[in-house]
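Both ligands and their constituent atoms are indexed starting at 1 by order of listing. FYI, side chains are in, hydrogens and waters are out, and symmetry mates aren't considered; it's all heavy atoms of this structure. FYI, the numbering just counts along the sequence from 1.
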Amino acid sequence: MKEVTIPGWKKGPVYFSPKIDSTSDQLRILAEKGAPPGTVIWAGKQTRGRGRQGKKWVSPSGNLYFSVLFFSEKNIDPSFSLVAGGAVIKALENEGESNLQIKWPNDIILNGSKVGGILCENFSGKLIVGIGLNLVPMDFMVENNSFPPGNLSEFQKVPGEKIIGCILKELDRDFWIFKEKGFFFFREELVNKSFLMDRRVQVDDLTGRVASFGNQGQLIIELPDGSKKEIWQGSIFLKEEG
Ligand code: BTN
């Protein structure tokens with residue numbers, strides 16, 4: 001790994017590796033050896049990229065893979081992955097992509113296809129946020145994913161450090177706001193960016209319509225009998241109407 005510069009990121013060192021097992025795993029090793037907050041690992045490709053729930057994150061070259069380290073005296077709530085998704089979307093919107101949405105709890109969606117994902121992992125007062133964004137076409141990206149893979153091809157020619165710099169800026173600001181104010185501060189913004197809002201979905205054995213996010217980032221589903229159910233974790237599948 002070599003140390004590189006990311007425009008606008010002065011909070012910690014940034015290391016780039018053309019090929020790595022997983023940026024999040026390597027960052028954890030650095031963190032356990034005392035890496036400072038703000039340390040970033042960025043890789044050209046990953047041989048053992050990980051998604052949520054232990055799934056494999058397919059990571060060929062041409063896409064963006066990076067992880068950043070934050071410190072926190074207490075565990076950061078899982079709802080931060082939605083907030084981090086919102087930060088990624090804001091950064092890419094600033095760079096000209098206006099059609100992005102977030103799919104609870106951690107997917108970045110462009111025109112109905114998954115183009116990125118976020119993995120937040122807490123350990124001993126530290127948080128690693130790992131972000132993967134597809135820029136090149138993908139046949140397959142994460143095991144058992146309910147969404148077809150898409151890509152942000154318009155960013156292929158943009159230097160990776162520029163995109164990562166924009167994302168880190170938004171993410172860092174939102175991390176500090178989240179720590180102070182919690183999910184509620186972001187709730188409305190994220191409801192407006194949510195791909196699932198008002199759609200019929202299935203989660204485990206429940207089918208219903210997505211009504212909102214709760215104040216702690218839980219998904220609120222309205223069941224056919226009009227009652228509301230809060231979903232705190234799980235995978236959401238779209239249900240065709242009818
Ligand atoms: C998901 O959608 O399940 C989350 C995917 C997160 C992938 C990123 S790529 C950079 C970082 N390193 C990993 O091994 N995973 C995350």
Spatial distance of atom CZ (F195) from atom CD (Q101) [nearest 0.5 Å]: 6.5 Å
Could you list which atoms of ligand 1 come closer than 4.0 Å to a heavy atom of N106? 1 (C), 2 (O), 3 (O), 4 (C)
I'd like the name of whichever of R50, Q26, K114 reaches closest to atom 2 (O) of ligand 1 through any heavy atom. K114
Taking only residues two or more places apart in sequence, or in another chain, which ones meet K90 in a salt bridge (charged side-chain N to carboxylate O under 4.0 Å, His left out)? D174, E189
Hey, is D107 touching ligand 1 through its side chain, its backbone, both or neither, going by heavy atoms under 4.0 Å? side chain
Between ligand 1 and K55, can you find any atom pair, the residue atom being a heavy atom, that is separated by under 4.0 Å? no
Atom indices of ligand 1 within 4.0 angstrom of I118 heavy atoms, with elements: 4 (C)
Derivation and outcome, side-chain contact (heavy atoms from CB on, under 4.5 Å), residues E154 and L152: CA-CA 6 Å; E154 73 271 32; L152 293 154; 4.2 Å; yes
N/O separation below 3.5 Å, W57 to ligand 1: no
Looking at F183, F175, W176, which one forms a ring pair (Phe, Tyr, Trp, His ring centres under 6.0 Å) with F80? F175
Which atoms from ligand 1 have a heavy atom of G51 less than 4.0 Å away? 1 (C), 3 (O), 4 (C), 5 (C)
Find all atoms of ligand 1 within a distance of less than 4.0 Å from any non-hydrogen atom belonging to F66, and give their numbers and elements. 10 (C)
Please work out whether any backbone atom (N, CA, C, O) or any side-chain heavy atom from C-beta onward of Q46 is under 4.0 Å from ligand 1, and answer side chain, backbone, both or neither. side chain
Just wondering, are more than 12 heavy atoms of other shown residues or ligands nearer than 6.0 Å to CD in Q233? no
Is the contact between S24 and ligand 1 made by the side chain, the backbone, both, or neither, using heavy atoms and a 4.0 Å cut-off? both
I need the atoms of ligand 1 closer than 4.0 Å to a non-hydrogen atom of S67, numbered in the order shown. 11 (C)
For the student: nearest non-hydrogen atoms of S61 and V136, plus distance: O-CG2, 4.0 Å
So, R28 and S67: side-chain donor and acceptor under 3.5 Å apart, yes or no? no
Separation of D198 CG from S212 OG (nearest 0.5 Å): 10.5 Å
Near R52, which atoms of ligand 1 are under 4.0 Å from a heavy atom of that residue? 1 (C), 3 (O), 4 (C)
Counting from 1 in the order shown, the ligand 1 atoms closer than 4.0 Å to a non-hydrogen atom of T23 are 10 (C), 11 (C), 12 (N)
Against heavy atoms of S22, which atoms of ligand 1 measure under 4.0 Å? 12 (N), 13 (C), 14 (O)
Exactly one of K45, R48, K56 clears salt bridge (charged side-chain N to carboxylate O under 4.0 Å, His left out) with D21, and that residue is R48
